[in-house]
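Proteins get letters first, then strands, A, B, ... in listed order; numbering begins at 1 in each.
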There are 2 protein chains.
Amino acid sequence: MTQTKQRNGADAKAEKRERLIRSTMKCIANQGMSSVTMASVTQDAGVSMGLANLHFKSKEGLLNETLAYVHDQYVSGLERIASKQQNSPADHLLEQVKWDFSSKVANRELLAVWFAFWGEAKSRPTYRQVCSERDSLMTDRVQQLCQQLIDEGDYPGYDAEDIAIGLCCLIEGLWLDMLIAPQKVSRERAHRVAVNYLATNFPKHISRASK
Amino acid sequence: MTQTKQRNGADAKAEKRERLIRSTMKCIANQGMSSVTMASVTQDAGVSMGLANLHFKSKEGLLNETLAYVHDQYVSGLERIASKQQNSPADHLLEQVKWDFSSKVANRELLAVWFAFWGEAKSRPTYRQVCSERDSLMTDRVQQLCQQLIDEGDYPGYDAEDIAIGLCCLIEGLWLDMLIAPQKVSRERAHRVAVNYLATNFPKHISRASK
DNA sequence: AAAAAATGAATGAACGTTCATTTACTTGAA
DNA sequence: TTCAAGTAAATGAACGTTCATTCATTTTTT
């Protein structure tokens, strides 16, 4: 008897939900968003076709919940890093960057899912809203930290928002290249490039060798 | 009688081809890749459904040719900038960045098309190959220019490839934010952020005010 | 007149959704 | 504890729709 069968109803329901979402992610990564079908998702999850509609009402619902799932995962990572007492804004930034290129975040399946939704964002306001919210949460926090560094050090002519947007966009662009050209842009290289960005902007606080 | 009808056969054929591709781009941007249909594309182009299959053999063929079309457009832009006699590597880089955030390149319809293909790239080797080729052409050129600046100036510990990848990824990430959050990342801001990246890395060659 | 370009209705495969039915779990009285 | 009644979860075949593709026919160009 599997562990599944020993759970009670509520847990089983939640587990099926998550299993369907994880299968959706796998299908998006392996087949592409435009080839995802309810049949392939439910088959991968090992459940009947009807169940997906029972839990998510429709395919659209399943995709919306999948985006919400990866969104929440990322946001809770942000929160977790912020809640840890950091030694300094610089360390906080470095922790953030380190996490953004950890295997939890920057693995190709998850990146493929993000880019699949980004690729549809222009024509789907629902997707765009969730994606831009993730973007704001990340940028706003980074901007605060950059502002602290600017205030501490002597960095004339620096605009915290521009620098924050630069870091966040650099990270997203590095993710793209990890997806498209993984042999050229490895996780290590991507991380190094992002740290270099910080080191070049804040030489008094962060060195190129930082990890 | 329209201009179309006055052309000869070969020109008319080429024009229909391009019109179908442009309609495909419009449909990808407006409806999303996963909602593009042969019916919507041919209706937008004002031709019969059969014609698309006549010219492109299949929907897959039409999408492949659409990607090739935007690829060729970008690459010829690269070539054009490179063929112009530039005063210096720094000017060349600035010209490149300026073009990357011109309305020709960084308009939301075209960006939506790029991200639609990027979003499917993991599961479609054909797309990935074309996309990574564009990436290489861009990065290689930027890397050469960065190397020239490093050789000219005194920039200890600089790795041209890392800096080049940084610039290219920053540009791509800025494109993403222009697509997802255009009210936050305008064309002007994106351009400024990219120039700042160059100015911060090469302070002896490029100033923040550069355009 | 011959060749090329273009049409669009017809075809059949693929897909999302539904719902009558079955299976599994929970509850509470004996 | 036991068991029956009630509730929730899950099934999957059937249905109707959508879509890409085809091809006999028409229109346009050479």
Side-chain angles (χ1 to χ4, degrees), chain A residues 1-24 26-28 30-67 116 120 123-124 126, chain B residues 1-24 26-28 30-67 116 120 123-124 126:
Chain A
M1 192 183 277
T2 68
Q3 198 177 358
T4 305
K5 309 240 170 174
Q6 290 170 349
R7 294 171 187 273
N8 64 24
D11 279 359
K13 187 175 174 179
E15 198 228 329
K16 286 281 167 64
R17 256 187 72 96
E18 178 157 357
R19 199 199 294 185
L20 278 165
I21 287 175
R22 297 213 70 92
S23 292
T24 305
K26 200 198 277 191
C27 286
I28 290 173
N30 291 339
Q31 315 166 208
M33 181 71 97
S34 62
S35 300
V36 170
T37 65
M38 295 300 266
S40 60
V41 169
T42 52
Q43 189 180 346
D44 184 89
V47 300
S48 67
M49 282 200 57
L51 191 61
N53 284 305
L54 194 70
H55 283 316
F56 299 99
K57 193 165 162 60
S58 67
K59 185 184 181 184
E60 189 188 346
L62 174 59
L63 291 173
N64 285 338
E65 291 301 307
T66 301
L67 176 55
E120 300 261 293
S123 53
R124 307 224 179 185
T126 311
Chain B
M1 192 183 279
T2 69
Q3 198 178 358
T4 305
K5 310 240 170 175
Q6 290 170 350
R7 294 172 186 272
N8 63 25
D11 278 0
K13 187 175 173 179
E15 199 228 327
K16 286 280 167 64
R17 256 188 72 96
E18 180 159 356
R19 200 199 295 185
L20 278 164
I21 287 175
R22 297 214 68 94
S23 293
T24 304
K26 200 198 279 190
C27 287
I28 290 173
N30 291 340
Q31 314 167 205
M33 181 71 97
S34 61
S35 299
V36 170
T37 66
M38 295 299 265
S40 60
V41 170
T42 52
Q43 188 179 346
D44 184 271
V47 300
S48 68
M49 282 199 55
L51 191 61
N53 284 303
L54 194 70
H55 282 317
F56 298 98
K57 193 165 164 59
S58 67
K59 185 185 181 183
E60 188 187 347
L62 174 60
L63 291 172
N64 285 338
E65 291 301 308
T66 301
L67 176 55
E120 301 261 292
S123 53
R124 306 226 178 183
T126 311

Checklist entry - If each of A:A39 and B:V47 is mapped to the nucleotide of DNA chain C with the nearest heavy atom, which maps nearer the 5' terminus, i.e. the 5' end? => result B:V47
Next on the checklist: Can you tell me which residue among B:I28, B:I21, B:T24 is in a side-chain contact (heavy atoms from CB on, under 4.5 Å) with B:V41?
Outcome noted: B:T24
Next on the checklist: Nearest 0.5 angstrom please: B:T42 OG1 to B:L62 CG, how far?
Outcome noted: 9.5 Å
Checklist entry - Which part of the nucleic acid, if any, lies within contact of B:V41, taking any heavy atom under 4.0 Å across all strands shown: a base, the sugar-phosphate backbone alone, or nothing? => result nothing
Checklist entry - About how many Å separate CG of B:D44 and CD of B:Q31, when rounded to the nearest 0.5 Å? => result 8.5 Å
Checklist entry - For A:L20 and D:dA9, what is the distance between atoms CG and C1' respectively, to the nearest whole Å? => result 13 Å
Checklist entry - Atom CZ of B:F56 and atom P of D:dT21: how far apart are they, to the nearest Å? => result 13 Å
Checklist entry - Would you say B:S48 reaches C:dG8's phosphate, i.e. side-chain N/O to OP1/OP2 under 4.0 Å? => result no
Next on the checklist: Is the phosphate of D:dA10 approached by A:K16 (side-chain N or O, under 4.0 Å from OP1 or OP2)?
Outcome noted: yes
Checklist entry - Checking A:S123 side chain against B:G32 main chain: does a donor-acceptor pair fall under 3.5 Å? => result yes
Next on the checklist: Using the side-chain heavy atoms of A:N53, tell me which of these nucleotides is nearest: C:dT18, D:dA20, C:dG16.
Outcome noted: C:dT18
Checklist entry - Is the shortest side-chain N/O distance from A:H55 to OP1 or OP2 of D:dA10 below 4.0 Å? => result yes
